[in-house]
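See structure below.
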Amino acid sequence: MYDHRQIETKWQKRWVESNLYQVKADSTKPKYYVLDMFPYPSGDGLHVGHPKGYIATDIIARKRSMEGFQVLHPMGWDAFGLPAENYALKNKVHPRVAMEKNIINFKRQLNLLGFSYDWNREINTTDPAYYRWTQWIFLQMWRQGLAYESFAPINWCPSCQTGLANEDLDDGHCERCGTLVEQRPMRQWVLKITAYADRLLNDLDKLPDWEEAIKEMQRNWIGRSEGAEIKFQIQGEKAEISVFTTRLDTIFGCTYVVLAPENEVLQNLKNKIKNWAEVEKYIEEVKNKTDLQRTDLNKEKTGIILEGVKAINPFNQEEVLVYAADYVLNSYGTGAVMAVPAHDDRDFDFAKRHNLLIRRVVVNGDGEKDLELAFTDEGKLINSGEFSGLSSAEARQKMSAYLEKNNCGQKQVNYKIKDWVYSRQRYWGEPIPLIHCDKCGVVAVPESELPVLLPEVKSYEPTGTGESPLAAITDWVKVKCPQCGAEAKRETNTMPQWGGSCWYYLRYLDPKNEQVLVDKNKEKYWSPVDLYVGGAEHATRHLIYARFWHKFLFDIGVVNYEEPFTRLKHVGLIMGEDERKMSKRWGNVINPDDMVERFGADALRVYEMFMGPFDQAVAWNTNGLSGARKFLDKVNHIFSDKQNLPISENKTILSLLHKSIKKVSEDIDAFHFNTAVSALMILINSISEYKQANQALPLNKEQLSKFIQLLSPFAPHLSEELWEKIGQEDSILHSTWPNYDQTLLKDDVITYIVQVNGKLRAQMEMPAEATENEVIARAQTEVTVSKWLEGKEIKKSIFVSGRLINFVV
RNA sequence: GCCGCGGUGGCGGAACUGGUAGACGCGCUGGACUUAAAAUCCAGUUGUAGAGAUACAGUGCGGGUUCGAUUCCCGCCCGCGGCACCA
């Protein structure tokens, strides 16, 4: 048993004193940038699951250093935003005070685990010197028309009392507090992420080292669909209804048109709609439904006919009925659809319920029999005028041409992703650096006056009025218009939590620069991030936002790469021992402080990497942690003998050492930490077996030192201690990562498997250079084999060199 | 409903491009040491039958390809994650 407290504090102190982890750009060396998603410093501190990703990046960082890279491995705090503020409100302290206290605790906990962060580069999104640049980027977007004011209804969380982006919702509930979100029309700032939708989608293909699952989530979230927009004239009116469809080929099957109840076309047709009173009542009813009630797939589709209104299908001049129904969403496409009940499930349901005409126009080898369900496959067109006989795909081509020629529509691409609602009616965020002037309109705060400091307030509780608490600070709100000098007002909304995290990885490159966001040369040297590790929950939030901002910064020449994160790995959760998510609510939280106290940081690191595949969720098990500790004790034991043990070099073990160097090196790079640890255990077990048996070590000192190096990224404290013990003076981090010797990987003796009809019957040792004939001859003499061959004819012998021989009888 | 991932001992999990299924760890059983316990060490640990050598079965289920399938193909079942009246 080694004294982990003594060893770990000793080395942590030395690492700080020698500035071991401080790095500078050095163009004579290759660089490697390893990044963790930075945490928001909550008051609960870290639980044992948080460091899992940090341990992995630390292992990679240490290995890369030993491989000769200049490694950037920074850490900081995502300290603005709702979580920090809600915590502060609950505990009745100022968010700044709470945040500062929490950071001290987080940093203490991280240091306890021996991470190799370069703390000289620490950043904090709430630091004015930092958020000055968050505001600066916002201003650049505003100048380019990418930030705009909108008054459309948005998601409103009644508990957090602020507007939210679509990305902040979880099944219609506030992602933070779980409250059901409402729709509220209000003034807000919106970022035009849709302008980047195509690039965000297409460039995913340029990221081969991102996990397919994450890319797929982003693709779904962006939700690109190609189709056509078609104008239906309203009979006897100048007005028209535009619909969006991806199935233009089915347009001859359109038997009615449906408008979303919020669609303004309805209001414009008020006078023509004979049953307006009823229609208005329906619109009211829908307004009072929550989004969840509306989108419940199981509910019956409601709707109301617009009496007196007919729409004209531009392809066959047919007059069709017009409905208002809430199964059509106003926020997607044009807020109106052409209903083709024969070929769309939703339209089919609605048509059945309202007894509407169902006309089939696409077939696929099944004749024209009556439909019991919508036929949504593609096929061959029928009953479609001049287009009959074409395939769906051909028809779409020709029909789009028809639309354009007749000026009644065109090809159109739609996205599910919405522009990003960027303002929050809360205190704890970056002030939006804009000024409202009666004469000049919206005016930017001059860049020389950035940052716009977040003022101190007496009450930072949300107001719920649609204004942030900042609106109450008249002294702060009142300013002179930078353009005309007249009395004007500051924008009082603040930025969301996601703002600061959209670009923090760039600030680490040059954290103290007061002139620019990041120095060009430093950016050129360190960019892009080579490895980024964090939770999968950010796939459609932070990771889309950050890619969007990065592309914008690329467009304005701040960065020189189009994609910020070359390789992305997501970390699997560590669950409680009861297999539930660790949470105070279940009382199953394991605190790393206790585990480090009992077993040591090295054991915790080894265990978390050994638990299972990195990206998979696994339940915590303290017994497993003690197993990791036993392994380290065994390691320590081998190196700690006072007397110098005799050495009798053993070729098998030497070969195993080199196989282990290969396996551990490759496994670390592939994020297969669990099998890397297992390889280290196998190696140490066989060394210690030899030691037990002969009282002689099978490897010499130099060979054994390679093992310490392999272990060092996982267990840096103990490794430094043993490294010193074997007489090394410099830190193990400055040593060179071991290489394996190809010639030592081959075994002299190979265990051959002998099968009869594919069933294992015997094993035998053969010299590596044995030929096929020798192996076959020998195999037939094995008793356990000959017994199965007796009296049978060998039809075939299958020989796999170095592995097996299989007799087919 | 759509998309993605997965299903292997009592448990976490290994298994290279089809070639010894269960590495490594936990737990459990027995033994050594000890007055005793802990720690440590040794042996065993997929199931069934057998004292044992051994035999048979076995990687969610049913088929198939192959000398040989956890791995490939077809058809299902279950679990997890994401998206979802997106036209």
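Proteins come first, then strands; the chains are lettered A, B, ... in the order of their sequence lines, and each starts at number 1. Quick caveat: nothing in here was measured; it's all calculated off a predicted structure.
The base of B:rG6 does not come close enough to the side chain of A:Q616 for any donor and acceptor atom to sit less than 3.5 Å apart. Between the base of B:rC83 and the side chain of A:R219 there is no donor-acceptor pair shorter than 3.5 Å. Residue-to-nucleotide contacts include no donor-acceptor pair under 3.5 Å from the side chain of A:N623 to the base of B:rC26. For A:K301 against B:rC85, a side-chain-to-base donor-acceptor contact under 3.5 Å is present.
The side chain of A:R803 places no N or O atom within less than 4.0 Å of a non-bridging phosphate oxygen (OP1 or OP2) of B:rG18. For the pair A:K759 and B:rA57, the criterion of a side-chain N or O lying under 4.0 Å from OP1 or OP2 is met. For the pair A:K796 and B:rG68, the criterion of a side-chain N or O lying under 4.0 Å from OP1 or OP2 is not met. Phosphate contact (OP1/OP2 of B:rA84, side-chain N/O of A:N220, threshold under 4.0 Å): absent. Applying the 4.0 Å criterion to OP1 and OP2 of B:rA87, one finds that A:S225 has a side-chain N or O inside that range.
What separates NZ of A:K634 from P of B:rC41 is a distance of 6 Å, to the nearest Å. Rounded to whole Å, the distance from CG on A:D347 to C1' on B:rG1 is 16 Å.
In this structure, the ring of A:W620 has its center less than 6.0 angstrom from the ring center of A:Y607.
Seen from the ring of A:F671, A:K569 counts as a face-on cation partner, given the 6.0 Å and 45° thresholds.
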